[in-house]
Amino acid sequence: MTIFAEIKVYNTLSRSLEEFKPLYGKRVFMFVCGPTVYDYSHLGHARTYVFYDTLARFLRRAGYSVFYLQNITDVDDKIVNRAKEEGKHPLELAREFEQHYYEDMKVLNITSVNLYARASDYLPEIFEQIEGLLRNRYAYVTETGVYFDITAFSDYGKLSGQKPEELRVHRIEPDLTKRNPGDFALWRARPRDEFGWKSPWGYGRPGWHIEDTAITLKHFGKQYDIHGGAIELSFPHHEAEIAQAESFTGVKPFVRYWVHTGLLTVEGEKMSKSLGNFVTIRDALERYDANVLRIFLLSRHYRSPIDFRWDLVDQAKNNFDRIVNSYNNLLEMDITDEASEGELKLIKKIGELKENFFNSMKDDINTAQALADLFEMMKLVNAYADGHGLITEGGKLSLASTYNDLLNILGLRIKGGTDISMLNNLITILIGIRSLLRKRREYELADEIRARLRETGVEIQDTPQGTKWRIEELSEEESRSL
RNA sequence: GCCGGGUUGGCCGAGCGGUUCAGGCAGCGGGCUGCAGACCCGUAGACGGGGGUUCGAAUCCCUCACCCGGCUCCA
C-alpha cells in the first residue's frame, strides 16, 4: 500500500466523506471519549473501542504516526453514588474499574492507545480553562456553579445540527440560576461532605464536558485531527466541547474530523446499563474468543447500528474458524523448488485482493468489505491448496505475511499452529499409531484416539495428503485457567 | 416538537445509476472420505409500500409505513 494513502472518512461536522489530511504531515492526533469507570464495560463499549483500535492500526499501517489519547472519567456522579453504596472512596472505586477496563481492553487486543488520561489529574488545566472562559465572558458564575453561556458562542449547534432556540424540550428540571436552560455546567458546586475540590468558585466538581478539552489542550494543543466517540455523544457532549475549546482558544475548528460510531443495540434498543439489557465484555469473553468478538463487531460498517444476538456471534465464530483453517491450509502445504504457473497466478491474484482490502479500508474504514476481501483471498488459497498442494518456500512466506499483515490491521490473532515442538512430537506419535490402526481397520481404537485428543483440544483431520492436526482455539476463559 | 440514522435473499451484511445482484453463515447437489471434520466444485434466493425521473434504479426525487438514536448520565 502506498504510504499516506488517500483515506476517506465521514466527518460528522460536514456531514460528508472527506479526504483525511492531518494537520502536521504524517503525525496524527486522535482523541476518543473513554469510559466512566463505575462498573464493568459492556459490548457497546467494546464496539466503539474495537473500532477506534482498528482505525489506529490502519492509520499506522498506512504510514502515519498516531498519538491515540483516551480519557478515563473518574470524577462523576455515578462513581460518587456507587462508592457511597459500597462504602468506598470514589477514587478507590474508580481505580478498581479502571483496572478492569484495562484488563478487558487487553484481552480484546486493543493495544493502540498511547495514553490514558484521568480527569482527576487535570484539575489545574480545568481551572485554567474555566478562568479563561469567565474572563472572555463566555461563562458566568451562579450559586450552583459556573455555566457556559451558549448564546455567547454563535456556532453552538454546528456539529449536531441543533438550533439552540429550538432546544426547548428538557426532560430535567431546569436550574433556575442559569440564564438559558441549554447552558451547561463547567463547575458544579457540591456539599462539603461530598467528594470534590476547592476552587475559586467554591467547593465542587468539574462539569462533564470540561475534562476532555482540558486533556486535549494539554497534550494536543488548540487544534487536532480526530475526535471519536459513539454517536450518542455528539449532542450535547461534543457540541459542548467545541463551544468550550473554540471560545477558550479562539482557534477553529478545534477538531478537524469528528468521527462517530453507531450504537450496539439489543432487540433494536440501545445496549445500556440503565435498560439492563447489557452483556459485559468479560461475560462475552467467557463464551467466545476475543477474535470472534472483534469479527462480530467489525462485520458491519462502523457508523451503522449493530443488533446484538448470540447466534450472530456464533456466525462470527464460524468466520474466524474459516480464517484459521485457511491460514493452516497455507502453512501445511508441501514445499517445491520451482514455482508453478498456478502459484504465480495465485500470488498475483492475492496481491490484487490485498489491494482491494486496503481500498476498502481507505473508503471510510469499510471493515465489512475488507473482511469480504479477506474471505475471497482465503477461498483462492484454499482452492490452490486443495488442487495443487505444492508451493515454493518464498510463495508460502509471501502469502503468510500477507495474511499476518491484514489480520494485524483488524487486530486478529491466530494462536496454536503446528510448531510447538514437544507437543508436536507426542501428537505425531499418537497419530502414527492411529494411522496403523486405521490401516488394520481397527476403527474403534482409532476413533477412541481421535476423541480423546479432541477432549484435550487437539483436532484431527484425515485428508488425502495424510492426517493433519491443530490445536483448537481456546476461549479466553480456558486460556486464562491454563 | 426539533435534529440525525435505518428498512437488501432463511440469517448477517457490502453495494448508493449500468460489468455475472459482493462476502459470510445456514440450505441443496456433487467431489474427497471407513465414518466424521476441514477443504473444493456447483446451485438457489433480495433490495419496506406506492408514485416519479432515466435507455437503464437497491442506488436519484416525492410520498406513505414501520424501527432506532439524540434533545437527561451514557461508548
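By convention in this document, chain letters (A, B, ...) are assigned in the order of the sequence lines, proteins followed by strands, and residues within each chain are numbered from 1. Side-chain atoms are counted along with the backbone in the values below, which use heavy atoms only and exclude waters and symmetry mates.
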For nucleotides [N] and [M], find the distance between their [atom1] atoms and express it as a whole number of Å.
N	M	atom1	result
B:G50	B:G42	C1'	39 Å
B:U20	B:U43	P	15 Å
B:U53	B:G45	P	30 Å
B:C47	B:C2	C1'	31 Å
B:G4	B:G9	C1'	29 Å
B:C16	B:A57	C1'	10 Å
B:G70	B:G27	P	38 Å
B:C60	B:A22	C1'	22 Å

Please state how far atom [atom1] in [X] lies from atom [atom2] in [N], giving the value in whole angstrom units.
X	N	atom1	atom2	answer
A:L233	B:G70	CG	C1'	10 Å
A:K158	B:G4	NZ	C1'	18 Å
A:I323	B:G23	CD1	P	16 Å
A:N318	B:C39	CG	P	10 Å
A:D363	B:G15	CG	P	7 Å
A:N382	B:G37	CG	C1'	14 Å
A:N325	B:C25	CG	P	11 Å
A:H301	B:C16	NE2	P	12 Å

Checklist entry - With a centroid cutoff of 5.5 Å and a plane-angle limit of 30°, would you call A:Y49 stacked on B:A75? => result no
Is it the case that [N] (base atoms only) and [X] (side chain only) share a donor and an acceptor within less than 3.5 Å, ignoring hydrogens and angles?
X	N	result
A:R15	B:C3	no
A:D386	B:C32	no
A:D307	B:G6	no

Next on the checklist: Centroid separation under 6.0 Å, is that true for the rings of A:Y257 and A:Y10?
Outcome noted: no
Looking at [X], does any N or O in its side chain come under 4.0 Å of the phosphate oxygens OP1/OP2 on [N]?
X	N	result
A:R300	B:A14	yes
A:T36	B:A75	yes
A:N328	B:C39	no
A:R309	B:C12	yes
A:R303	B:A14	no

So if I take every side-chain heavy atom of [X] and compare against [options], which nucleotide ends up nearest?
X	options	answer
A:R438	B:U7, B:G34, B:G5	B:G34
A:D462	B:C35, B:G23, B:A38	B:C35
A:A368	B:A26, B:G13, B:C73	B:G13
A:L312	B:A38, B:C12, B:A22	B:C12
A:K270	B:C40, B:G34, B:G69	B:G69
A:D311	B:A36, B:C11, B:A75	B:C11
A:A372	B:A75, B:G23, B:A38	B:G23
A:N329	B:C71, B:C39, B:C40	B:C39
A:E232	B:A75, B:A14, B:C25	B:A75
A:Q162	B:C2, B:A14, B:A75	B:C2

Need one value for [X]: base, sugar-phosphate or nothing, where a base atom within 4.0 Å counts as base even if backbone is also close, heavy atoms only.
X	result
A:N366	sugar-phosphate
A:T261	nothing
A:G34	sugar-phosphate
A:F375	sugar-phosphate
A:S272	nothing
A:K379	sugar-phosphate
A:G44	base
A:L264	base

Checklist entry - Relative to the ring of A:F184, is the ring of A:Y156 parallel (under 30°), tilted (30 to 60°) or perpendicular (over 60°)? => result parallel
Checklist entry - Angle class for the A:F308/A:W310 ring planes (parallel below 30°, perpendicular above 60°, tilted otherwise)? => result perpendicular
Tell me which nucleotide, if any, is Watson-Crick or G-U wobble paired with [N] when both distances must be under 3.5 Å.
N	answer
B:A14	none
B:G1	B:C71
B:C47	none
B:C39	B:G31

Checklist entry - How about A:I295 and A:Y288: do any of their side-chain heavy atoms sit closer than 4.5 Å? => result no
Item to check | Pair A:Y302, A:D364: side-chain N/O donor-acceptor within cut-off below 3.5 Å | outcome: yes
Checklist entry - Taking atom types as modelled, is there a side-chain donor on A:D74 or A:S120 under 3.5 Å from an acceptor on the other? => result yes
Next on the checklist: Return whichever of A:S274 or A:Y10 has its heavy-atom-nearest nucleotide of RNA chain B closer to the 5' end.
Outcome noted: A:Y10
Next on the checklist: On RNA chain B, does the nearest nucleotide to A:E269 precede the nearest nucleotide to A:S304 from the 5' side, or the other way round? Give the residue.
Outcome noted: A:S304
Item to check | side chain to side chain contact (heavy atoms under 4.5 Å, CB included) between A:K270 and A:E232, intermediate numbers included | outcome: CA-CA 10 Å; A:K270 166 166 105 167; A:E232 62 184 348; 2.8 Å; yes
Item to check | Pairwise distance CD1(A:I281) to CG(A:D104) - rounded to 0.5 angstrom | outcome: 4.5 Å
Next on the checklist: Just verifying a value: how many Å separate A:M271 CE and A:D307 CG, rounded to the nearest 0.5 Å?
Outcome noted: 9.0 Å
Checklist entry - Just by modelled atom types, is the A:E18 backbone N or O under 3.5 Å from a matching donor or acceptor in the A:N11 side chain? => result no
